Number of protein chains: 2
Amino acid sequence: MIENDIFRALADPTRRSIFEKLANGGKNASELRQGMEISQPAMSQHLAILRKAQLVREERQGRFVNYSVDPKGVTHIAQWFAKYRAFWPARVEALKDLLKEMDQ
Amino acid sequence: MIENDIFRALADPTRRSIFEKLANGGKNASELRQGMEISQPAMSQHLAILRKAQLVREERQGRFVNYSVDPKGVTHIAQWFAKYRAFWPARVEALKDLLKEMDQ
DNA sequence: ATGATACATAAGTGAATGCTTATATGTTGT
DNA sequence: ACAACATATAAGCATTCACTTATGTATCAT
């Protein structure tokens, strides 16, 4: 189940910060490691988990593999999260209608 | 870190379905167990984890403890998720402005 | 072809996770 | 006070997780 893959992927803080980095633009695995104190295999394993969750997609570019955020996973969270719109703070209640549209 | 507690809490499918049940209205621990094939201690442990993540709040009512969705945790996910609005599908792009408001 | 570089995969390990059974705590009715 | 009920906590155990080291695969430059 993809929903399970997504939440398991996001449960790890290292993977969340990788994902966050990619939200600022695509990067290859080596670039992602910069300033992160993480081994090459560990990064590769994290990326595989994010990929399986469709939170991230890969595109080979020669020796490098460029990673970027995959809207598929993001959309899936959006849909899951839309179920809880009733509990957002009052000032965001205006979102309701748009999100209701999204459910269809 | 609360963000970590939230994502770890949601990583378990049993906890997500408990959370989902509560989104349809507050229930006590016994009611939550109905139709779930889960032991009493397991339910109690799951609720403790959801409570720590501020996804759920408790309110004692006599012998029972009524649980309901806590907007604090939900709001926190909303804020985290707002960072990735750029990757939502195009037809939801209209949400941008409202969510931008939310960031402040 | 050969070496260097970028990344993936395999196998092993300690720590965390979700369950179990047993027991404790808190509340109600008698 | 006491039994019954609702929930929480403790301790133990099997599985999962995130890492490690070692090795494999793919691409580039010479």
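Everything quoted here is computed from the prediction, not taken from an experiment. Below, read A as the first sequence line, B as the second, and so on, with proteins coming before strands; counting in each chain starts at 1.
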Figure out the CD/P separation between B:Glu37 and C:dC19, and round it to whole Å.
-> 12 Å
Going by modelled atom types, is there a donor-acceptor pair between the base of C:dT20 and the side chain of B:Gln45 at under 3.5 Å?
-> yes
Value in whole Å for how far the P atom of D:dT9 lies from NE2 of B:His46 | 15 Å
Please give, in whole Å, the distance from C:dA8 P to A:Met43 CE?
-> 10 Å
Spacing between B:Tyr67 atom OH and D:dT7 atom P, to the nearest angstrom | 8 Å
Locate the shortest heavy-atom distance separating A:Pro71 from A:Arg57; write the atom from each residue and the value.
-> CD-NH1, 3.7 Å
Rounded distance in Å - CD (B:Gln61) to P (C:dG26) = 19 Å
Residue met sooner reading DNA chain D from 5', once A:Ala42 and B:Pro41 are mapped to nucleotides = B:Pro41
Verify, without hydrogens or angle tests, whether B:Asp12 (side chain) and B:Arg15 (backbone) share a donor-acceptor contact under 3.5 angstrom.
-> yes
Which nucleotide in the set D:dT27, D:dC5, D:dC17 lies at the smallest distance from any side-chain heavy atom of B:Arg63?
-> D:dC5
Are any of A:Arg51's side-chain N or O atoms less than 4.0 Å away from OP1 or OP2 of C:dA8?
-> yes
In whole angstrom, give the distance that lies between atom CG of B:Asp12 and atom P of D:dT15.
-> 17 Å
Is the phosphate of C:dG26, meaning OP1 or OP2, less than 4.0 Å from a side-chain N or O of B:Arg60?
-> no
Taking only Lys NZ, Arg NE, NH1 and NH2, and the carboxylate oxygens of Asp or Glu, determine whether B:Arg16 and A:Glu3 approach each other closer than 4.0 Å.
-> yes
In whole Å, what is the span from the CD1 atom of A:Ile38 to the P atom of D:dT21?
-> 13 Å
Of the listed nucleotides C:dA6, C:dT27, D:dC19, the one nearest the side chain of A:Phe64 = C:dA6
Under 3.5 Å donor-acceptor pair, A:Gln40 side-chain atoms to C:dA6 base atoms | no
Between A:Asn28 and B:Gly62, the residue closer to the 5' end of DNA chain C by nearest nucleotide is A:Asn28
Atom pair distance, as rounded to whole Å: CD1 in A:Ile49 and P in D:dC19 = 9 Å
Check whether any side-chain N or O of A:Ser44 sits under 4.0 Å from OP1 or OP2 of C:dC7, and answer yes or no.
-> no
Under 4.0 angstrom, heavy atoms only, what part of the nucleic acid is B:Glu31 near: base, sugar-phosphate, or nothing?
-> nothing
Take atom NZ of B:Lys21 as the centre, draw a 6.0 Å sphere, and report whether it contains more than 12 heavy atoms from other residues, nucleotides or ligands.
-> yes
Evaluate whether atom CD of A:Gln61 has more than 12 neighbouring non-hydrogen atoms of other residues, nucleotides or ligands under 6.0 angstrom away.
-> yes
For B:Arg15 and C:dG18, is the shortest distance between a side-chain N/O and OP1 or OP2 below 4.0 Å?
-> yes
